[in-house]
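To start, the structure under review is shown below, and the notes come after it.
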Amino acid sequence: MLDLQSVDTEIDQLLHRRRSLPELEEFKLVNTRLTALRETATQQEAQLGETVSAVNKGEGELDLTDKKRATEEMRMFAGGLSAKDLENLQREVEMLGRQIDAAEEEILGLLEVRDTQDAALLETTSALAIAEAGSSELEAAIADQWREIDAEVAGQQERRNDFVPLIPAELLELYEELRPTKEGIGAARLVEGVCGGCHLSLSPAERIEVLREDPPRCLQCRRILVPQ
Ligand SMILES: [Zn+2]
C-alpha cells in the first residue's frame with residue numbers, strides 16, 4: 001500500500017513539475033509579445049502602404065502638371081497669340097509652376113514620412129524575428145523536458161501496475177477515493193502512534209481502537225494507516 005502511495009506521490013510531483021515549468025511562463029510572455037508585435041507590424045505596414053500610395057499619386061499628378069506646363073509653354077513660344085492671350089497663358093504657366101513647387105514639397109514631406117515609417121517597421125520586424133526565435137527555443141526546451149518527464153511518468157506507471165494487483169480491490173477503491181480530497185495522500189504510515197498524514201498522535205487506547213478497524217484509519221484525517 002505504501003509502495004503504491006509513494007509511486008502515486010512521485011507521479012503527482014512529476015505531473016506538477018510538467019505543468020509548472022518556468023519555461024511555460026516565459027513562453028506565455030514571449031507569445032503575448034509576439035501577438036503585440038504582429039499587430040504593430042500589421043498597422044505599420046498599412047500606414048506605410050498608405051504613404052507609398054500617396055507618394056505615387058502625388059508623383060502621378062506632378063507628372064501631369066509638368067506636362068501641362070510644358071504644353072502651355074510651347075504654345076506661348078509658338079507665337080501667333082494676342083497680347084492678352086499671351087498674358088493669360090503666361091499667368092497660367094506661372095500658376096502651374098507654383099503648383100509643381102507645392103506638389104514637389106508635399107512629395108518630399110511624404111518621402112520623409114515614408115522613411116520614418118519604413119525604419120519603424122524594420123525595427124518591429126527585427127524584434128519580431130528575435131521574439132520568434134525565443135519562442136521556438138522555449139518551445140523546444142519545453143518539449144524536451146516534457147518528453148523526459150513523460151518517460152519518468154511512464155516508468156512510475158509501470159511500477160504502479162506491479163503494485164496494484166497486490167492490493168485488495170476494496171482497499172484500493174477507498175485509497176483512490178481518499179486521494180483527491182487528501183492532497184494526494186490516501187495512505188500513511190502509523191509510526192509510534194503518530195499518523196504520517198496529519199501527524200495526529202494517538203493515545204495507546206486510540207491506537208488499539210484504530211488497529212481494530214479494517215483497514216485502520218486515522219481518527220482525524222481518515223487516511224488509511226499502515227502500522228510500521
Ligand atoms: Zn491522520
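First listed ligand is number 1; within each ligand, the first listed atom is number 1.
- Side-chain contact between Met76 and Leu86 is present, with heavy atoms from C-beta onward closer than 4.5 Å.
- Under 4.0 Å is where a charged nitrogen must lie from a carboxylate oxygen, and between Lys68 and Glu72 no such pair does.
- If you check the side chains of Gln145 and Glu23, you find a donor sitting under 3.5 Å from an acceptor.
- Look at Arg160 and Glu176 and you find a salt bridge, because one of the NZ, NE, NH1 or NH2 atoms lies within 4.0 Å of a carboxylate O, short of that distance.
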For residues 98-115, dump all side-chain donor-acceptor pairs below 3.5 Å to protein atoms at least two apart in sequence or in another chain.
none

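- A salt bridge does not link Asp162 to Arg159: none of the charged nitrogens lies less than 4.0 Å from a carboxylate oxygen.
- For the Zn ion (ligand 1), protein N, O or S atoms closer than 2.8 Å were enumerated as Cys195 SG, Cys198 SG, Cys218 SG, Cys221 SG, with waters left out.
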